[in-house]
Amino acid sequence: EELLSGPAYLWVALEEKCSMALWVGLAVSTWYKATTLTYERAALAQECLLLPALLLTQLCRFQLAYWGHTTRTAVLLAVHVFLGSAVATIWGYFMTLQIYVLRFDVVMCGISFGFLVLGSFIATLIGVLMAESKVGIVLLAFGTFAVCTAVGGFAGFYSSLPRS
């Protein structure tokens, strides 16, 4: 448990930095599409509202992960993992459901999905090792299942879309 906690904490820091860089890329991509392509106002407003929602959810996720690792609380890590399914849903929207999807968006979403799944597995492993009750373990398992289901669902949906 002690050996894994340090690298897991470093993983959260790495995931946070990379996720913030991916968020900036997504914001720049949305700005580029809004200024160069024809958009319905409602669709543009929806995408612009999802950007801060993604940022705030990510910031909450990482803060919970830091607290969970610091206090060795599996339930905090479970909430961190559950919030990953919300993040995966927002990233999935930007990969599949927005008006214009650039290849750049798809690459960023794929990288984000990889970080989410790997981060969920690491948090679940550490959480199971430090869990004081079965409730923490069950919550971590369901959270990881939710993240994998969201990522898998959107990846499958994207692969079924026709290409132009």
Side-chain angles (χ1 to χ4, degrees), residues 8 11-34 36-65 68 74-128 136-164:
W11 170 259
V12 173
L14 174 67
E15 184 183 3
E16 179 183 23
K17 302 303 180 249
C18 291
S19 294
M20 293 303 112
L22 291 167
W23 181 87
V24 168
L26 187 62
V28 169
S29 173
T30 302
W31 172 82
Y32 167 78
K33 291 183 283 188
T36 60
L37 303 170
T38 305
Y39 253 91
E40 285 183 34
R41 288 187 191 268
L44 182 59
Q46 181 177 5
E47 291 179 19
C48 288
L49 287 174
L50 282 174
L51 284 170
L54 177 62
L55 179 64
L56 291 174
T57 308
Q58 286 280 57
L59 292 174
C60 289
R61 267 186 76 237
F62 295 126
Q63 190 59 50
L64 286 166
V75 174
L76 290 175
L77 290 175
V79 176
H80 158 77
V81 172
F82 266 112
L83 284 175
S85 63
V87 168
T89 302
I90 297 172
W91 276 107
Y93 169 85
F94 281 106
M95 184 173 82
T96 58
L97 300 174
Q98 64 179 335
I99 301 296
Y100 300 105
V101 179
L102 303 177
R103 179 101 37 219
F104 180 69
D105 298 331
V106 174
V107 169
M108 286 190 311
C109 290
I111 293 169
S112 179
F113 282 167
F115 275 108
L116 278 169
V117 170
L118 188 56
S120 294
F121 283 129
I122 290 171
T124 299
L125 173 67
I126 299 301
V128 165
I137 294 172
V138 169
L139 289 174
L140 283 160
F142 276 122
T144 303
F145 177 75
V147 168
C148 291
T149 301
V151 168
F154 277 108
F157 180 62
Y158 175 77
S159 67
S160 71
L161 294 174
R163 306 286 185 265
S164 55

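If you read the sequence from its start, that first residue is 1, and numbering goes on from there.
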Novice: Sorted by first residue and then second, give each salt bridge (Lys or Arg N to Asp or Glu O under 4.0 Å) pair with at least one member in residues 74-86; sequence neighbours left out.
Specialist: none
Novice: Please check if the side chain of S29 supplies one atom and the backbone of G25 the other of a donor-acceptor pair under 3.5 Å.
Specialist: no
Novice: Between Q98 and D105, is any pair of side-chain heavy atoms under 4.5 Å apart?
Specialist: yes
Novice: Apply side-chain contact (heavy atoms from CB on, under 4.5 Å) to the pair F94 and L51, showing each step before the final yes or no.
Specialist: CA-CA 10 Å; F94 281 106; L51 284 170; 4.1 Å; yes
Novice: Can you list the steps and then say if R61 with L116 is a side-chain contact (heavy atoms from CB on, under 4.5 Å)?
Specialist: CA-CA 11 Å; R61 267 186 76 237; L116 278 169; 3.7 Å; yes
Novice: Calculate, to the nearest 0.5 Å, the distance between atoms CG and OH belonging to L44 and Y100 respectively.
Specialist: 10.5 Å
Novice: Could you measure the distance from the CG atom of L97 to the CG atom of L161? Nearest 0.5 Å is fine.
Specialist: 8.0 Å
Novice: What's the separation between atom OG1 in T30 and atom CD1 in I99, rounded to the nearest 0.5 Å?
Specialist: 12.0 Å
Novice: Test side-chain contact (heavy atoms from CB on, under 4.5 Å) on L26 and W91; report intermediate values, then the result.
Specialist: CA-CA 9 Å; L26 187 62; W91 276 107; 3.8 Å; yes
Novice: Name all residues meeting the side chain to side chain donor-acceptor pair (under 3.5 Å) criterion together with W11; count only those two or more places apart in sequence or in a different chain, and write none if there are none.
Specialist: E15
Novice: Compare every heavy atom of A78 with every heavy atom of L139, then report the nearest pair and how far apart it is.
Specialist: CB-CB, 3.6 Å
Novice: Looking only at non-hydrogen atoms, find the nearest pair between V81 and A123 and report the distance.
Specialist: CG2-CB, 3.7 Å
Novice: Aromatic rings H80 and F62: how do their planes relate, parallel, tilted or perpendicular, breaks at 30° and 60°?
Specialist: tilted
Novice: So Q58 and L83, do their side chains get closer than 4.5 Å, heavy atoms only?
Specialist: no
Novice: Could you give the distance from CD (E47) to CD1 (I90), rounded to the nearest 0.5 Å?
Specialist: 12.5 Å
Novice: Between V101 and T96, is the side-chain contact (heavy atoms from CB on, under 4.5 Å) condition met? List the steps.
Specialist: CA-CA 7 Å; V101 179; T96 58; over 6 Å; no
Novice: Given side chains that start at C-beta, do those of F104 and Y32 come closer than 4.5 Å, heavy atoms only?
Specialist: no
Novice: In Å and rounded to the nearest 0.5 Å, what is the CH2 to OG1 distance from W23 to T57?
Specialist: 12.0 Å
Novice: Which residues satisfy the side chain to side chain contact (heavy atoms under 4.5 Å, CB included) test with F121, sequence neighbours excluded?
Specialist: V117, T144, C148
